[in-house]
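Proteins get letters first, then strands, A, B, ... in listed order; numbering begins at 1 in each.
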There are 2 protein chains.
Amino acid sequence: MRARRGFRQSTLTLADVAKEAGVSEITVSRVIRARGSVAEETRRRVQTAISKIGYVPNRIAGSLASAGSDLIGVIIPSLGNIVFPDVLRGLHDAISERGFRAVVSVTDYRLESERELVRSLLSWRPAALIVTGCEHEPDTRQMLVNAGLTIVEVMDADGEAIDIAIGMSHARAGRETAAFLLARGYRRFGYIGHDLARDLRACKRRETFTSTVREAGASFAGEVVTPGRSSVPSGRSALAELLTAHGDIDAVYFSNDDMAIGGVFHCMAEGIAIPDKLAIVGFNGLAMGQALPQPLTTILTPRFDIGFRAGLAVIARFDGLEVPRLTDVGFTLLPGATA
Amino acid sequence: MRARRGFRQSTLTLADVAKEAGVSEITVSRVIRARGSVAEETRRRVQTAISKIGYVPNRIAGSLASAGSDLIGVIIPSLGNIVFPDVLRGLHDAISERGFRAVVSVTDYRLESERELVRSLLSWRPAALIVTGCEHEPDTRQMLVNAGLTIVEVMDADGEAIDIAIGMSHARAGRETAAFLLARGYRRFGYIGHDLARDLRACKRRETFTSTVREAGASFAGEVVTPGRSSVPSGRSALAELLTAHGDIDAVYFSNDDMAIGGVFHCMAEGIAIPDKLAIVGFNGLAMGQALPQPLTTILTPRFDIGFRAGLAVIARFDGLEVPRLTDVGFTLLPGATA
DNA sequence: AGTGAAAATGTTAGCGCTGTCAGAACATTC
DNA sequence: GAATGTTCTGACAGCGCTAACATTTTCACT
């Protein structure tokens, strides 16, 4: 695993700087890490030497010697939808000033690959590991528990935290969406979702949505679940399909805003009046949905905030502070104009 | 930087496994890395020992010893728009099977922070560094050159590659968009963009677009450039503003699809006929734009593909293969129905 | 049984840095 | 001037692993 292509091999070490500056290695190390006391003049001399020879510290060696890295492992299910990049953005904003770096891995919603990624990231002895949701395979969970480092589970507040959980209740989101629609007088519901077996949080929302609808005595007429990841086009075609099978539906709950916006586009193209003929509700509160001619009725999830708080939690732990085990950041129902 | 909270301190080392399995450390190391020859029976014994005591390898030590890591540093300008997550997704798909991990950092379109991030990521002795665009501050560029490792510049094919560049010509994209609109008979153009001082590639597209328009003798009537990052809502309000000032414009070039979709929504809401009264053109070819009732006229950029090729290039280099210095992946003009 | 080559395993010496402790230099107090 | 403290600097060991070489075992083939 040695780098090729090197002229001026970047194998400069502390020793080279030390020689150049006429001090010992440890003094150079102290200057670089701004730790311990170094005379102002010495410091300057070392700084000069560093930039003169173009020394780049080797954090791998540093981390090994000090038994800790400033890497934060992040495991998210997908990058195909702006939701997780938003979380990542919040996290990044919180941690980068402190010099932490995110090592990102994607599971594509497969819990099996989560296990491998946890194992792999753990081997970098990160300062913390951030994982998505509270559902994990038993041995993955065990690994996380045993790892003995800060673990933050984001996006979900319905489960039992391994260490720290920051998220929202998807069960409640599904219930409140149903309650909202029932209060508006809708009675014949449909559901459109993407691959449910994998997106466990969408699945939870669907569960509580349908059970709330049924408990209220309204009818749950039918659903279409598309096989792949969520997207605007698949939401659009799924609604076409659903309406063909169940023309009498008066409100459709979509697994998220991408899908719901697709539904809105279908209605626009077919001249279906929203919300008089059909109500549409999404989930996430994407900016795009709110910019539609009729703002989308949806639930705004504080994704950036979740990522940001996760970052703050890691830092707080690092600084030896107490961090609450569970933070429910809540959500906001945006009434919009589509329901 | 030592982890807290640890029961069962994860300070298990190769030595512990070796003792448990009754072999030497190096044999355990060989089993873990699947390198060198180890008898089947020994291998099994080591595997058992590993899972029995719950050993997690320490890649920091491993990387130090073997002078190379399987980390790939990635520096992108933003996570606020699906474009870069798409690149990241392609990269991830290409590299994760080979065990490489992406360390992601975001510049927020500031070249100064790029310098700091390069320095910081370089200190992890990554296998490669992936940066966005070909514009860098001189000393950043120098650092990259001196680093002596694989450097991939993505998204842009207009500049001189430091090592490897994979992207497309934004200059050509601007020109072809203008040519397309001119061929369709549009004559009075407007431009709507987001913070140009920062997004250098959007800036380049705007330059060639306007110069092509002017060279053809058509008029460039006006533009609105919003201060923040691009988004659907700001595209929507920017178009309202532009049309107030220049009601006679017949075609608007947007800095990207997010902004353009906002423009479409404005027209929908105001009853402005597209494309008869106003033509709208975007850039990126987001799925959402193509799912609009009238598909957006835009340029499809192969973002996933760029990320994927970047990953393949890193792997090829790693395997000692030749990689072309510059790969222009091109783009596709999607005629759509909005122009 | 004897040979050589290949397979399997082990020994040794670091990778580049930081924690720890010790010592030198300098200032301050009695 | 001695005692004390404070700031600054350095020597040394070792973090956990792997490259390189050395050695032992295995085994096909004379």
CG of B:Asn58 versus P of C:dG16: gap in Å, rounded? 17 Å

Just how far, in rounded Å, is P of C:dC17 from NZ of A:Lys19? 13 Å

Any donor-acceptor N or O pair under 3.5 Å, side chains A:Arg119, A:Ser123: no

Per the under-4.0 Å heavy-atom filter, residues of residues 24-33 of chain A near DNA chain C come out as A:Glu25, A:Ile26, A:Ser29, A:Arg33

Does the pair A:Asp108 and B:Arg89 meet the rule for a salt bridge (charged side-chain N to carboxylate O under 4.0 Å, His left out), with working shown? CA-CA 10 Å; A:Asp108 200 22; B:Arg89 195 160 52 86; over 6 Å; no

For B:Val38, is there any backbone N or O sitting under 3.5 Å from a side-chain donor or acceptor partner on B:Thr42? no

Nearest whole Å is fine: how far is D:dT18 C1' from B:Ile60 CD1? 16 Å

Could you check which of D:dG16, C:dA8, C:dG16 has an atom nearest any side-chain atom of A:Thr11? C:dG16

Have a look at B:Asp163 and tell me which of B:Arg325, B:Arg141, B:Arg317 forms a salt bridge (charged side-chain N to carboxylate O under 4.0 Å, His left out) with it. B:Arg317

May I ask you to say what A:Thr13 touches in the nucleic acid, namely base, sugar-phosphate or nothing, with a heavy-atom cut-off under 4.0 Å? sugar-phosphate

Side-chain donor-acceptor contact under 3.5 Å, B:Arg59 with B:Ser69: no

Side chain of A:Val38 - closest among D:dT9, C:dG16, C:dA8: D:dT9

Please check: side-chain N/O of B:Asp16 versus main-chain N/O of B:Thr13, any donor-acceptor pairing under 3.5 Å? yes

Atom CG of A:Asp16 to atom C1' of C:dC15: distance rounded to whole Å? 14 Å

Separation of D:dA20 P from B:Arg35 CZ (nearest whole Å): 11 Å

When you get a sec, tell me which of D:dA19, C:dA7, C:dG16 is the closest nucleotide to the side chain of A:Leu64? C:dG16

Could you please name the option among D:dT18, D:dC8, C:dG16 that lies closest to any side-chain atom of A:Thr42? D:dC8

When rounded to whole Å, the CG to P distance for the pair B:Leu14 and D:dC15 reads 13 Å

I need the CG-P distance between B:Asp70 and D:dC17, as an integer number of Å. 15 Å

Identify, between B:Ala61 and B:Ser37, the residue whose nearest nucleotide on DNA chain C lies closer to the 5' end. B:Ser37

CD of A:Glu40 versus C1' of C:dA25: gap in Å, rounded? 18 Å

Would you say that B:Ile164 contacts B:Glu153 through its side chain, given a criterion of any heavy-atom pair below 4.5 Å between the two side chains? no

